[in-house]
Amino acid sequence: MRNAGDVVLSARRLVTTFDTPSGRLRAVDGLDLHLRLGEVVCLVGESGSGKSVTGLSLMGLIDPPGHVTCDEFWFDGHDLTTLPESEMERLRGRRIAMIFQEPLSALNPSRRVGDQIAEVLRIHGLASRAEATRRAVELLGRVGIDDAQLRARSYPHQLSGGQRQRVTIAIACIGSPRLIIADEPTTALDVTVQTQILDLLTEMQTSLGSALLFITHDLGIVAELADRVVVLYAGQVVEEAAVEDLYRTPGHPYTVGLLASVPDVDAPRKRGVALAAIPGTVPNLLEVGTGCRFRERCDRAHDRCGAEPPMITLSEGHRVRCWLYAGR
Amino acid sequence: MLGYLGRRFAAAAITLALACAAVFASIHLLPGDPVAMLLGEQAGADPEVVQKMRGQLGLDRPLIEQFISWIGGLATGDLGRSLRTGEPVFADVMVRLPRSLELIGGGLSIAMLLGIPLGVVAARGRGRVAGTAASVAAIAGFSAPVFVSGIILVIVFSLWLDILPSSGFVEFAEDPTMHLACLALPATAIGINFMGVVARMTRASLSDTMTKEYVRLARAKGLSRDAAILKHALPNALVPVIAVIGIRAGNLLGGTVIVEALFDWPGLSSMLVSAVFARDYPVIQGALVAIFAVFVLIGLAIDTCQGIVDPRTRESAA
Amino acid sequence: MHVTAGPWAAAVYLTVVVILAVFADILSPRDPLAIDPNNILASPSAENLLGTDELGRDLLARIIHGGRVSLEVAVSAIVLASAIGIPLGIGIAFSGRRVETFAMRVIDVFVSLPEIFVAIVILGFAGGGLTTLIGTIGILFFPQFARVAYGMARSIRAREHVLCAVSLGAGTAWIIRKEILPNMMSVIAVQASFTLSFAMLMEAGLSFLGLGVPPPTPSWGQMIGGLKNYIFINAWPVVVPSVVLFAAVLSVNVLGDWLQDRLNPELRR
């Protein structure tokens, strides 16, 4: 594990709900999350597990009908539960940044990419117009775009998929953020380009010394990238552990199932392993009752699973939400 | 960009040529002989007079010959002479054309200046009071017939407030202030109706664009929701709005028919309407050709704007 | 609450207008053609609930009878336009590719024509009157129906289960009857509601110019066209038909929007 620094983000009982015509949907339900400077945490889950919503909730970008509540929410010395929106805007882009899944739709089609990078500095008044442009071009070179001076004047549709994602990484990094949230940034890319983008992302994160929350469903990437892993199921954390512990001694039957679908844990270069190997699907979040949300797909389910399972600490930093470990 | 404009220009020229042919055909192929109709109103038109008149107007020649000579005249700026006044049609068209363009330009400016902000408020405030009010204003403007908004404007600004003339026209060179005062109400009347169209399009397009990922990224950069909408969503949302303005420019042009009649504005449309009532077919032809030319030119101008706003259009069409 | 208030009010208003128009002869308080030279351009009174026009005719009676003409023209024109346009659009969708391309080009040119100028020329030469008016407006609007019907027919035809039926030997007539017509009805209904408001505006505009139904038969547009000259004597009489017409067009558009949201929420205008 890389050296873990100060805690940069700490959220306790984060709940994100959406009011829909058919009722209130709890997309994220009581999530605890702690991130330290310099560490890479992977948030793993199937589609519908609430992992993207978690990312947006941390950014404060959930709009009505969505609603976020949190018992305790600290970021970089700010109490986000009471921070007014205007103050939050000053943090976004400068202290906390986000990278999205689809680089083409994340870039404004009618603005030059150099301007889109420089805009971050301009919004926060960190540089003059000329200085911002100069730094954008410089960063464009650093994220591996050849002929940056010329490319800065391109429009997004003139770049390749990999180049576009390099641009969005530059946008995320130019403000030197303390936390970068990356929501499946390689899913839309070719396999060959994926490796380059992951290398670039970790390189940038290391040089900035920031924390990286990497949202993915790809266990190959997790093994390669993560210091710690948080496994999300139906809006709840079911397991959290250092990456070695998780792969060596997975606790939750869901995690066990996930890992069983990866043929060889020691061959982390193998990517693209989906989580669909467990029969069944994530339950409809409108209909979750009490009890363990995984029990209908679980081969070790028993009577007690009808009650809400407790979060149990197995070892230092390894927690599981499952009745199997209760009363040990 | 130049190649793009070149192609647009060629397309516009072809459309205009086709429109000229259609105008000619519609006048000459529609049931009813122009001369008979013209003389028909004077009781007891005898066949000899009709024949003589046909000869004078060249209507006894084969249709194709008439068409070629008409097109030839068109190319040299000769649209024939009015049957009523004997004045050359082309000169009259050139005097009236700028006046109609003024109405259209004024109406379009008002429509965009009011319609785009209204559409933004409606899209931004969906489900809230301000948004609902803006949507209601948009559909009301869109539903108001041009002459109804015109009459309301006259009642408010001429009858009650007494600050603007209710109708009439003064040359700009003669009295610029009075000219603009006369222009104000008719241009607003056209603009209000088109404002509804612009506002509804803006709302629909912006509602869609607002959900795009790049707007979210703009907020992730630190922009407020409103700033992200105005700086990133709106410019992209306006691309299809401009296209629709081009397609619906006929509404504006059509609006001049009513407005010129209501406000006694001596433009192209009132020229057409009075010529229709008088069966003065050289004037009808001339006015229609000029109106179609304006229509095509508006389309061309809109295409150009779109090429400037959206970098992708330029390339795909070049 | 405010979401449903608009469409409700619109439906109530249109129902009242339609009932008054259909039963105009029974419900009209007075003769719409009766002239009273001693009581012209009057504001509302117990005698004339909505006042009188420039010839002293009762405005309420003329509004009721005028609504009949306005609605008759607009509705008939829409029926005519869809009767031509829908079969044509479906026909084009089932014709060969070259016919298809050519026909749609022509239709597109028609759709982009500034309708009112064409209408003015036709009516100017053919003369006003109920039939000409209906025919002209119907012809001007059929390309819009053709385009919508064509688009729907093509997309429905390309759906998987329809392709499947074709491969099993289903005939064109069967597909049109069983798949295309039932599936395109909601889109056509929305198109019809919006075209109806355009047709009402067109009729009113042409009548306003004096190219519509010849006097003394009233229509809303024609009444406004006549009364506008007396604004400075009494503004009231011209306001009455203006507001009635505006509210009718607004109601049709509000219902059209509502229908659009209910039937095809994915197709935002």
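Note on naming: letters A, B, ... go to the chains in the order of the sequence lines (proteins, then strands), and numbering restarts at 1 for each one.
- Between H124(A) atom NE2 and L223(B) atom CG the span is 7.5 Å, to the nearest 0.5 Å.
- A donor-acceptor pair is defined here as one N or O able to donate and one able to accept, closer than 3.5 Å; such a pair exists between the side chain of K221(B) and the backbone of Q116(A).
- Interface remark: of the candidates T168(A), I181(A), N108(A), V120(A), N108(A) forms the most heavy-atom pairs closer than 4.5 Å to chain B.
- Of the atoms belonging to I96(A), it is backbone heavy atoms, and not side-chain ones, that fall under 4.5 Å from chain B.
- Residues R216(B) and D183(A) are not paired through a salt bridge, judged by the lack of any N-O separation under 4.0 Å between the basic side chain and the carboxylate.
- In this structure, the side chains of D63(A) and M210(B) stay at 4.5 Å or more apart for every pair of heavy atoms.
- Here the CD-CG distance, from E102(A) to L217(B), works out to 13.0 Å after rounding to the nearest 0.5 Å.
- Distance check: Y214(B) OH to L104(A) CG gives 10.5 Å after rounding to the nearest 0.5 Å.
- Contact count against chain B (heavy-atom pairs under 4.5 Å) is highest for E89(A) among R90(A), Q101(A), R94(A), E89(A).
- Each of G175(A), G93(A), A106(A) has some count of heavy-atom pairs under 4.5 Å with chain B, and the biggest count is that of A106(A).
- Between the OG atom of S224(B) and the CE atom of M88(A) there is a distance of 13.5 Å, given to the nearest 0.5 Å.
- More than 12 non-hydrogen atoms from other residues, nucleotides or ligands lie less than 6.0 angstrom from CZ of R122(A).
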